[in-house]
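Data block below; observations after.
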Amino acid sequence: MGRKLLLEHINVPGINTFEVYRQKGGYRAVEKALKSLSPEDVVEEVKKSGLRGRGGAGFPTGMKWSFLAKPEGKPRYLVCNGDESEPGTFKDRYLMTHIPHLLIEGMIVSSYALGANTSYIYVRGEMMPQIRILEKAIAEAKNAGFLGKNILGSGFDLELYVQPGGGAYICGEETALIESLEGKRGNPRIKPPFPAISGLYNCPTVVNNVESIAATVPIINDGGEEYAKIGIGRSTGTKLISASGNLNRPGVYEIELGVPVEEFIYSEEYCGGIANGKRLKAVVAGGSSVPILPTNLILKTVNGESRLMTYESLADGGFASGTMLGSGGFIAYDEDQCIVRNTWNFSRFYHHESCGQCSPCREGTGWMEKVLHRLEYGHGKLSDIDLLVDVSKKIEGNTICPLGDAAAWPVASAIRHFRDEFEWHVTNPQEAMTRNYGLAHYADPLPKVEPVTAS
Amino acid sequence: MLKISETDEIVFAPELITKFNEIVSRYPEGKQKSALLPILHLVQAEYGWVSTAAMDKVAEYLHLKPIEVYEVATFYTMFFLKPLGKYVLEVCRTGPCHIVGAEKIMKHIEQKLGVREGEVTADGLFSWRGVECLAACGMAPVLQIGPEYTYYENLTEAKVDELIDSLRLTTAEKPQIN
Ligand SMILES: Cc1cc2nc3c(=O)[nH]c(=O)nc-3n(C[C@H](O)[C@H](O)[C@H](O)COP(=O)(O)O)c2cc1C
Ligand code: SF4
């Protein structure tokens with residue numbers, strides 16, 4: 001069994017209440033930080049832990065914190081990103097629902113480290129139940145003296161508020177989130193300036209994912225070095241994986257980074273294999289934005305090494321044969337799923353969620369959705385496939401925020417790895433309306449790569 | 001069922017204003033615009049939708065130009081800019097829900113209610129629509145219903161029937177006072 005740092009007590013009855021959470025050792029990290037560590041010490045521990053942002057980009061949290069500007073006379077803000085709208089990702093909602101005090105505790109420790117006296121947890125509006133849960137948890141923590149003025153006699157003040165979004169995936173992007181928190185449309189800002197210099201109300205701001213903030217609690221309790229002992233290389237600690245799709249046991253799993261993908265899918269400890277005795281066709285490993293991989297490439301790299309759940313191993317092979325850990329949204333597709341249909345579904349999502357500021361994203365996502373729709377419904381041409389690749393290339397890298405890339409990658413990777421399925425939709429339009437292409441050769445072992453010898 | 005029509009004048013109840021004031025107090029002096037989204041949620045919970053008259057009143061309360069409220073209300077998908085049913089079933093239609101039967105669930109709701117996406121049943125009770133990922137992919141298919149936005153997970157056609165029937169019953173037992 002892997003170690004559990006975040007979800008250790010998840011099944012304890014009443015762990016969502018302050019009392020039980022405290023009995024189980026909750027708020028020790030706040031006591032330790034405020035009584036015996038300086039803010040700089042806390043930043044140092046987080047740096048030592050090697051924790052990387054759990055929101056998707058994987059940027060080292062400690063380093064991000066050390067970039068925060070500290071001009072005289074200006075408040076600094078910590079904003080927690082609870083927008084969680086990346087298809088396939090539902091770990092933050094799970095954490096906020098079942099163990100809300102872990103997030104509150106992490107917010108206090110992190111705000112102390114950054115010198116923030118007012119912090120916000122931005123939660124997507126659809127999660128109104130979780131907003132209520134957090135508000136209750138905040139009231140309990142305040143009642144017990146862990147929030148408000150002069151916390152534990154340390155002289156540190158903190159007010160914590162929950163802010164609802166209004167239904168917009170783009171508000172997960174940190175500068176769009178800041179705009180939204182200022183009461184505006186969620187249009188991402190042009191960077192620089194980065195939020196660390198000028199963020200919320202033009203003040204220095206750190207935006208961190210729910211899970212990143214929660215992870216600071218075990219880091220402070222056990223020390224950054226202990227945390228860094230878990231995992232492999234630069235993928236340290238544990239990670240929450242949201243497992244969905246055609247699995248026997250979908251759900252949220254806390255894994256030690258480094259678990260083999262195959263074990264994660266098939267072992268009884270995790271997903272328990274593919275549902276209904278079917279075979280696995282493809283996996284989206286890190287949320288809808290990351291490249292989709294066929295079974296043979298998700299289980300093994302092109303070099304025949306077993307693929308692991310780490311930032312590095314999943315990215316092995318670059319975009320030619322690899323993918324990304326992203327937010328940990330792990331979607332499994334069985335042999336009955338249609339890749340063209342799924343790609344069309346994702347394109348519709350990105351088109352719907354584009355904020356519309358940049359023409360390549362606004363127009364390109366709509367164009368891709370339309371072309372994919374006609375391919376799926378039997379009106380496509382073979383040239384449409386290259387057209388899609390062309391449009392995706394023209395979006396990628398040409399937009400204000402990464403939503404453009406996020407829309408382009410799923411399309412480009414689906415065509416890269418499943419091109420014959422797209423072609424089949426064009427050459428057999430009638431048949432494609434009544435049956436699926438099936439597993440085809442997508443799970444077949446890869447041919448051995450011959451080492452290239454210099455001549 | 002809805003408390004207001006397009007043309008009705010809006011007067012916020014004192015209790016609502018108290019809630020607005022509490023929200024505004026969460027932000028620094030002069031940054032009351034930050035209260036806009038939470039307040040629009042409260043307005044929708046109170047009236048069932050966000051009318052132009054209501055937006056104008058919100059603008060007045062927050063010292064904003066009306067356009068600043070309109071541009072926000074139209075950007076975010078959760079705000080209803082026209083009256084819908086008392087219960088709006090919002091069904092996730094994205095990837096993970098899609099591959100485990102979201103389309104079937106939506107078709108079933110359409111048949112059961114006898115209205116198309118975005119329409120209102122004759123008794124004013126129900127509307128439905130497809131929405132994007134609700135972050136419940138492991139419990140797919142899923143729908144939610146405001147203003148509490150309760151999640152209904154691992155849906156089957158039978159569960160949907162049960163849900164709709166029970167909502168009908170609750171309303172019949174407790175008649176709405178307009
Ligand atoms: C389109 C888009 C959507 C995003 N959605 C989320 C989200 O829902 N939650 C999240 O934590 N980060 C999201 N991010 C990443 C944030 O911009 C940001 O990198 C992150 O919140 C930083 O926190 P971390 O360093 O703790 O991961 C998104 C980014 C983009 C471009
Ligand atoms: S890339 Fe798309 S979502 Fe991002 S700012 Fe441009 S238009 Fe908006």
Side-chain angles (χ1 to χ4, degrees), chain A residues 75 84-94 118 120 124-129 131-132 159 161 163-169 171 180-187 200-201 242-247 249-252 275 284 288 329 331 333-334 336-337 341-342 345-346 348-349 352-353 355, chain B residues 22-23 25-42 44-45 50 62 64 68-69 71-79 90 92-100 102-103 130-140 142 144-151 153-154:
Chain A
E84 191 166 68
S85 308
E86 169 94 359
T89 316
F90 51 100
K91 65 187 175 78
D92 297 340
R93 187 172 80 98
Y94 182 81
T118 307
Y120 298 96
R124 60 182 294 186
E126 292 91 337
M127 293 192 203
M128 217 46 97
I131 291 173
R132 301 285 169 256
E159 291 299 335
Y161 300 108
Q163 177 82 359
Y169 166 63
C171 291
S180 180
L181 180 45
E182 291 182 357
K184 301 178 200 153
R185 296 164 72 93
N187 289 337
L200 181 61
Y201 310 128
S242 319
S244 69
N246 309 118
L247 293 164
R249 279 206 310 277
V252 175
V284 169
S288 61
I331 315 168
Y333 296 84
D334 71 20
D336 292 344
Q337 303 309 325
R341 192 165 184 77
N342 181 68
N345 182 287
F346 280 169
R348 180 177 67 179
F349 170 81
H352 186 259
E353 300 300 329
C355 85
Chain B
E22 186 278 316
I23 291 171
S25 76
R26 299 172 187 175
Y27 317 102
E29 193 70 40
K31 304 296 181 192
Q32 77 282 358
K33 188 170 177 177
S34 281
L36 185 48
L37 266 78
I39 286 182
L40 286 175
H41 279 299
L42 285 179
Q44 177 153 306
V50 178
L62 287 174
L64 301 173
E68 291 178 88
V69 180
E71 65 175 8
V72 163
T74 52
F75 182 86
Y76 296 94
T77 55
M78 287 181 75
F79 302 118
E90 303 193 89
C92 174
R93 66 179 195 180
T94 322
C97 273
H98 179 85
I99 64 173
V100 297
E103 275 181 354
V131 293
E132 299 296 353
C133 187
L134 291 174
C137 324
M139 308 71 145
V142 58
Q144 67 172 178
I145 305 176
E148 288 85 21
Y149 296 95
T150 315
Y151 279 72
E153 302 173 335
N154 298 310

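Hydrogens, waters and symmetry mates play no part in the numbers below; they use all other heavy atoms, side chains included.
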Leading residue by heavy atom contact count with chain B [cutoff under 4.5 Å; candidates A:Ser180, A:Gly251, A:Cys355, A:Ser242]: A:Ser180

Of all the heavy-atom pairs spanning B:Tyr76 and A:Arg185, show the shortest one and how long it is. OH-C, 3.6 Å

A:Gln337 versus chain B, heavy atoms under 4.5 Å apart: side chain, backbone, both or neither? side chain

So, taking the atom named OG1 in A:Thr118 and the one named OH in B:Tyr27, what distance separates them when rounded to the nearest 0.5 Å? 12.0 Å

If every non-hydrogen atom of A:Glu84 is compared with every non-hydrogen atom of B:Ala135, which pair is closest and at what distance? O-CB, 3.6 Å

Of the listed residues (B:Glu103, B:Gln32, B:Glu68, B:Glu90), which shares the most heavy-atom pairs with chain A below a 4.5 Å separation? B:Glu103

Is there a donor-acceptor contact under 3.5 Å from the side chain of B:Gln144 to the main chain of A:Glu126? yes

Nearest heavy-atom contact between B:His98 and A:Asn345 is ND1-ND2, 3.1 Å

Interface moiety of B:Ala136 toward chain A, non-hydrogen atoms closer than 4.5 Å: both

Okay, B:Gln44 and chain A: the region with an atom under 4.5 Å from a heavy atom over there is neither

Hey, does A:Arg341 have a side-chain heavy atom less than 4.5 Å from the side chain of B:Ile99? no

Measuring heavy-atom distances to chain B, does A:Phe349 have an atom under 4.5 Å in its side chain, in its backbone, in both, or in neither? both

Of the backbone (N, CA, C, O) and the side chain (C-beta and beyond), which part of A:Ser288 lies under 4.5 Å from a heavy atom of chain B, both, or neither? neither

Measure from the side-chain N and O atoms of A:Gln163 to the backbone N and O of B:Ser34, and report whether any donor-acceptor pair falls under 3.5 Å. yes

Okay, A:Arg132 and chain B: the region with an atom under 4.5 Å from a heavy atom over there is neither

Under a 4.5 Å heavy-atom cut-off, does chain B meet the side chain of A:Thr89, its backbone, both or neither? backbone

Report the C-alpha separation of A:Glu182 and B:Lys31 in whole Å, then their side-chain angles, then the decisive distance to 0.1 Å, and conclude whether the side chain to side chain contact (heavy atoms under 4.5 Å, CB included) test is met. CA-CA 7 Å; A:Glu182 291 182 357; B:Lys31 304 296 181 192; over 6 Å; no

Shortest non-hydrogen contact between B:Ser25 and A:Tyr161, atoms and distance: O-OH, 4.2 Å

Pairwise distance OG1(B:Thr94) to NE2(A:His352) - rounded to 0.5 angstrom: 9.0 Å

Quick one: of A:Tyr201, A:Tyr94, A:Phe346, who has the most non-hydrogen atom pairs under 4.5 Å with chain B? A:Tyr201

Which atom pair, heavy atoms only, marks the closest approach of B:Tyr151 to A:Met127? OH-CG, 3.8 Å

Identify whether the distance between the nearest side-chain nitrogen and carboxylate oxygen of A:Arg93 and B:Glu153 falls below 4.0 Å. yes

Would you name the heavy atoms of B:Glu132 and A:Arg348 that are closest together and state the gap between them? OE2-O, 4.2 Å

May I ask you to name which of B:His41, B:Met78, B:Glu71 has the most heavy-atom pairs under 4.5 Å with chain A? B:Met78

Using modelled atom types and a 3.5 Å cut-off, is there a donor and acceptor pairing between side-chain atoms of A:Tyr169 and backbone atoms of B:Cys133? no

B:Leu134 and A:Arg124: side chain to side chain contact (heavy atoms under 4.5 Å, CB included), yes or no, with the steps? CA-CA 9 Å; B:Leu134 291 174; A:Arg124 60 182 294 186; 4.1 Å; yes

Among A:Ser85, A:Gly165, A:Ala168, residue most engaged with chain B (heavy-atom pairs, under 4.5 Å): A:Gly165

